[in-house]
Amino acid sequence: MKRLELDAGNTFIKWRLLDAGVVLARGRWSTAGFSAEQLVECPYLPSRVWLSSVAGDGVNSALTAAVQQRWQLPVEQAYSAAAAAGVVNSYACPERMGVDRWLAMLAAWNRIGKACWVVDCGSAITVDLLDDQGRHGGGYILPGLRLMQQSLLGNTAEIRVEREVEQASVLPGCDTSSAVAHGANLQLLALAQLLRAGMPGRVKARTVVVTGGDGAQLAEMIPEAEWCPDLVMDGLSWALE
Ligand SMILES: Nc1ncnc2c1ncn2[C@@H]1O[C@H](COP(=O)(O)OP(=O)(O)O)[C@@H](O)[C@H]1O
Ligand SMILES: CC(C)(COP(=O)(O)O)[C@@H](O)C(=O)NCCC(=O)O
Ligand SMILES: [K+]
């Protein structure tokens, strides 16, 4: 039984097609530029389609219509809940928590089974604490690497980035482009060092689970971290099976 899993974030829609736990195909589409024709990139006929989305109603409707048109299948969407798969939410209104954070926690808890930090470095960087009984101990929402840089460009008169800076350097930059890019990297390094040395708060967790588009960069800064690129999609089966 083949299953298409979709993780719609604010920047990219990630997808993979699974058959009995084996990934047969995967890819990603720009969230803003998604069009129904892109589904032809998935060359298999799924029997179920699962969705995690924090991308908004317009994207959800476009995905649902595209799946219906190509395969005549409904989309089964996951939602944050008060409790599921051993994890207890801390939000008084659980439905307000981004479902990507929730699913990442379900997957992390069922993989690690002890207190941990779950970090998703996407458009936003989310840092969520699970205690050693699977209770959400709260979290943080920070701008992601790209948003940190865009907020500078959008809110200052004289910051103009002339070139893309690719390397993950944290050294002082000697032109505007590298000063901005390295500054964002430095904020990621500061987070990495806090996660290693100990975060504020009562509950202490040493294990760090990392996912997201910029997650590999954070994981490199935390040698003992678990790098789980598909953590949000991994969480779908804990919410929907
Ligand atoms: N080509 C790219 N275009 C946009 N962002 C990119 C690109 N390559 C890497 N990124 C980084 O990846 C992040 C998006 O990662 P992802 O986990 O897919 O986010 P989301 O789940 O929010 O869509 C961006 O915020 C950016 O920092
Ligand atoms: C924090 C987020 C924007 C992260 O989204 P992403 O970076 O994955 O696109 C998303 O989880 C969200 O919209 N959350 C709702 C607010 C909350 O979780 O409290
Ligand atoms: K995400």
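Sequence positions, counted from 1, serve as the residue numbers for this chain. As the structure is a computational prediction, the values presented were derived from the model and not from experiment. Indexing begins at 1, ligand by ligand and atom by atom, following the structure's order.
- Salt-bridge formation is detected for the pair Arg163/Asp175: a Lys NZ or Arg NE/NH1/NH2 atom is positioned less than 4.0 Å from an Asp or Glu carboxylate oxygen.
- Closest protein heavy atom to atom 8 (N) of ligand 1: Arg28 NH2, 4.1 Å.
- Side-chain atoms of Asp100 do not come within 3.5 Å of backbone N or O of Val232 as any donor-acceptor pair.
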Side chain to side chain contact (heavy atoms under 4.5 Å, CB included) evaluation trace for Leu195 with Val127: CA-CA 10 Å; Leu195 285 165; Val127 184; 4.3 Å; yes

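- Under the salt bridge (charged side-chain N to carboxylate O under 4.0 Å, His left out) test applied with Asp230, the options Lys14, Arg28, Arg26 reduce to a single match, Arg26.
- Between Gly212, Gly213, Ser53, it is Gly213 that holds the heavy atom closest to atom 15 (O) of ligand 1.
- Using a 4.0 Å cut-off between charged side-chain N and carboxylate O, Arg202 and Asp131 make no salt bridge.
- Separation of atoms CG (Leu218) and SG (Cys121) is listed at 4.5 Å; rounding is to 0.5 Å.
- Ligand 1 places these atoms under 4.0 Å from at least one heavy atom of Asn10: 20 (P), 22 (O), 23 (O).
- Note: no N/O pair closer than 3.5 Å links Thr31 and ligand 1 by distance alone.
- No donor-acceptor contact under 3.5 angstrom links the side chains of Arg3 and Tyr44, judged on distance only.
- Closer than 4.0 angstrom to ligand 2 sit non-hydrogen atoms from Gly9, Asn10, Val54, Tyr91, Arg96, Met97, Gly98, Asp100, Arg101, Gly122, Ser123, Ala124, Thr126, Ile141.
- Between Trp109 and Trp238, the distance from one ring center to the other does not fall under 6.0 angstrom.
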Criterion side-chain hydrogen bond (donor to acceptor under 3.5 Å, both in side chains) on Thr126 and Asp120, from CA distance to verdict: CA-CA 5 Å; Thr126 55; Asp120 186 342; 4.7 Å; no

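- At least one donor-acceptor pair under 3.5 Å links the side chain of Ser177 to the backbone N or O of Glu162.
- Ser178 places no side-chain N or O within 3.5 Å of a backbone atom of Gly173 that could act as its donor or acceptor partner.
- Protein heavy atom closest to atom 1 (N) of ligand 1, with residue, atom name and distance, is Phe12 CZ, 4.1 Å.
- When only non-hydrogen protein atoms are considered, atom 21 (O) of ligand 1 lies nearest to Lys14 NZ, 2.7 Å.
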Quick one, Val119 with Thr211, criterion side chain to side chain contact (heavy atoms under 4.5 Å, CB included). Give me CA distance, side-chain angles, the key distance, then yes/no. CA-CA 6 Å; Val119 186; Thr211 193; over 6 Å; no

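- Within the protein, the N, O or S atoms sitting under 3.4 Å from the K ion (ligand 3) are Asp100 OD2, Asp120 OD2.
- Side-chain atoms of Asn185 and Leu145, non-hydrogen and from C-beta on, do get closer than 4.5 Å to each other.
- Remark: minimum distance from atom 13 (C) of ligand 1 to any protein heavy atom is reached at Asp214 OD2, 3.8 Å.
- Nearest to atom 25 (O) of ligand 1 by heavy atom, out of Pro229, Ser123, Pro143, is Ser123.
- From the protein, the heavy atom lying nearest to atom 5 (N) of ligand 1 is Arg146 NE, 3.2 Å.
- Ser169 and Gln167 share no donor-acceptor pair across their side chains, judged by distance under 3.5 Å alone.
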